[in-house]
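I have placed the structure first, in the form of structure tokens, so that the comments after it can refer back to it.
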Amino acid sequence: MAKDQVKNDNSWVLNAIVVLVIDVLALWASFFAALILRHDFRFSTIPDEYIRYYIYLMPLWSLFLITVFYIRKIYRSIWRFVGIEEATAIVTSYFILAPVFVISSLLINMRMPISFYVVGSVFSMMAHVIIRFSYRLFRMIRNQHATIPSAEKKEEGKPKEERVMIIGGGDAGSILVRELKNNPMARQVPVCIIDDSPNKIGRDLYGVHIIGGREMIFDAARDYKIDTIILAVPS
């Protein structure tokens with residue numbers, strides 16, 4: 001049991017290694033795309049020296065990429081909660097990486113076209129962000145199509161799902177709605193939100209309608225056949 005627990009606790013390391021490899025491949029692909037774009041998508045027109053420089057530079061730049069991402073702790077993020085913080089970390093990392101790419105190539109006398117550095121860095125940065133958010137999107141789609149185990153469905157005396165009203169459409173409410181909608185094991189389904197802010201009433205939060213202020217709680221509980229009311233107001 002203890003060994004299994006240790007194995008589970010360290011499983012994120014393997015995931016991080018997989019992501020690291022994907023990041024390196026994305027770096028190579030992005031700068032190759034920048035190079036071929038610079039020559040109007042005609043590989044035969046790319047000078048041989050540029051191809052040779054590209055082959056020499058990419059392993060070095062991959063090492064720079066891994067080092068900076070490791071220092072910024074980008075590989076330690078929990079993917080299911082990936083958000084603006086991780087995207088910001090990647091973007092700011094390229095404020096370091098892009099100059100390093102240029103300076104390193106000049107130091108070893110392997111000058112490339114300016115567009116190669118600029119377009120390649122932008123493509124690579126976007127690719128790293130997309131890679132991380134694609135996992136979250138895939139997980140969300142998978143969870144939405146997942147079914148509750150049949151053993152749980154057969155439990156007597158318990159409804160298959162509870163209709164939930166959430167009071168509070170702020171940060172806490174948004175986190176709660178997202179978790180309930182994305183967790184395939186959750187028996188609770190958010191059906192409406194109560195919030196006193198005039199700017200929020202009539203709008204949706206992750207697909208759940210904000211129907212009105214606190215004066216509507218009792219009427220909404222009846223009309224929406226609410227089983228559970230959850231307070232998501234920190235104050």
Side-chain angles (χ1 to χ4, degrees), residues 3 5-142 182:
K3 291 182 179 180
Q5 184 65 39
V6 171
K7 182 179 180 180
N8 291 335
D9 291 343
N10 292 330
S11 61
W12 70 271
V13 176
L14 177 60
N15 294 335
I17 293 174
V18 172
V19 179
L20 184 151
V21 173
I22 296 175
D23 279 344
V24 170
L25 293 177
L27 179 76
W28 283 62
S30 297
F31 278 93
F32 181 78
L35 184 61
I36 199 168
L37 180 63
R38 169 67 174 75
H39 294 85
D40 300 322
F41 297 99
R42 290 180 294 182
F43 183 81
S44 59
T45 63
I46 301 176
D48 291 340
E49 64 177 2
Y50 285 170
I51 297 294
R52 186 171 66 256
Y53 292 168
Y54 167 82
I55 294 174
Y56 279 117
L57 288 172
M58 285 301 101
L60 178 62
W61 290 3
S62 297
L63 181 61
F64 292 154
L65 174 78
I66 294 170
T67 301
V68 172
F69 276 16
Y70 179 81
I71 293 173
R72 298 297 308 278
K73 300 181 180 179
I74 292 176
Y75 292 117
R76 300 187 66 173
S77 298
I78 300 177
W79 276 42
R80 63 172 294 192
F81 298 121
V82 121
I84 190 67
E85 292 82 4
E86 285 74 18
T88 301
I90 291 173
V91 172
T92 54
S93 293
Y94 267 85
F95 284 105
I96 300 172
L97 288 169
V100 168
F101 291 161
V102 175
I103 294 172
S104 62
S105 67
L106 295 179
L107 287 177
I108 58 179
N109 198 27
M110 293 185 178
R111 185 186 182 94
M112 299 289 278
I114 295 177
S115 63
F116 174 77
Y117 302 110
V118 176
V119 177
S121 295
V122 172
F123 281 1
S124 184
M125 178 180 65
M126 292 175 58
H128 296 319
V129 173
I130 291 172
I131 287 168
R132 282 151 180 81
F133 278 90
S134 63
Y135 172 82
R136 181 170 174 176
L137 177 63
F138 170 78
R139 189 176 185 278
M140 181 181 69
I141 295 174
R142 184 193 64 184
N182 292 339

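In what follows, every heavy atom counts, from backbone to side chain, and hydrogens, waters and symmetry copies are set aside. Positions are given from 1 along the sequence.
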Nearest 0.5 Å, what's the CD1-CD1 distance between Ile71 and Ile66? 12.0 Å

Exceeds 12 heavy-atom contacts within 6.0 angstrom, atom CE of Met58: yes

Would you compute the distance between atom CZ of Phe43 and atom CD1 of Ile36 and round it to the nearest 0.5 angstrom? 7.0 Å

To the nearest 0.5 Å, how far apart are CD1 in Ile46 and CZ in Phe41? 10.5 Å

Sequence-distant partners of Val91, side chain to side chain contact (heavy atoms under 4.5 Å, CB included), two or more places apart: Phe95, Met125

Say you draw a straight line from CD1 of Ile131 to CD1 of Ile22; how long is it, rounded to the nearest 0.5 Å? 6.0 Å

Tightest non-hydrogen contact, residues Ser62 and Trp28, listed as OG-NE1, 3.0 Å

Mind checking the CD1-CZ spacing from Ile90 to Phe69? Nearest 0.5 Å is all I need. 5.0 Å

Enter the distance from Leu57:CG to Tyr50:OH here, rounded to the nearest 0.5 Å. 12.0 Å

Smallest separation among heavy atoms of Ser30 and Ala127, with atom names: OG-CB, 4.1 Å

Less than 3.5 Å apart, which donor and acceptor atoms pair up between the side chains of residues 98-121 and the rest of the protein, not counting sequence neighbours?
from	atom 1	to	atom 2	distance (Å)
Ser104	OG	Trp61	NE1	3.0
Ser104	OG	Val100	O	2.9
Ser104	OG	Phe101	O	2.9
Ser105	OG	Phe101	O	3.4
Ser105	OG	Val102	O	2.8
Ser105	OG	Tyr117	OH	2.6
Tyr117	OH	Met112	N	3.0
Ser121	OG	Tyr117	O	2.7

Atom of Val68, atom of Leu97 and distance for their closest heavy-atom approach: CG2-CD2, 3.6 Å

Asp23 and Leu65: which non-hydrogen atoms are nearest, and at how many Å? O-CD2, 3.9 Å

Side-chain touch Ile74/His128, heavy atoms, less than 4.5 angstrom: no

Has Tyr54 got a side-chain atom pairing as donor or acceptor with Glu49's backbone, closer than 3.5 angstrom? no

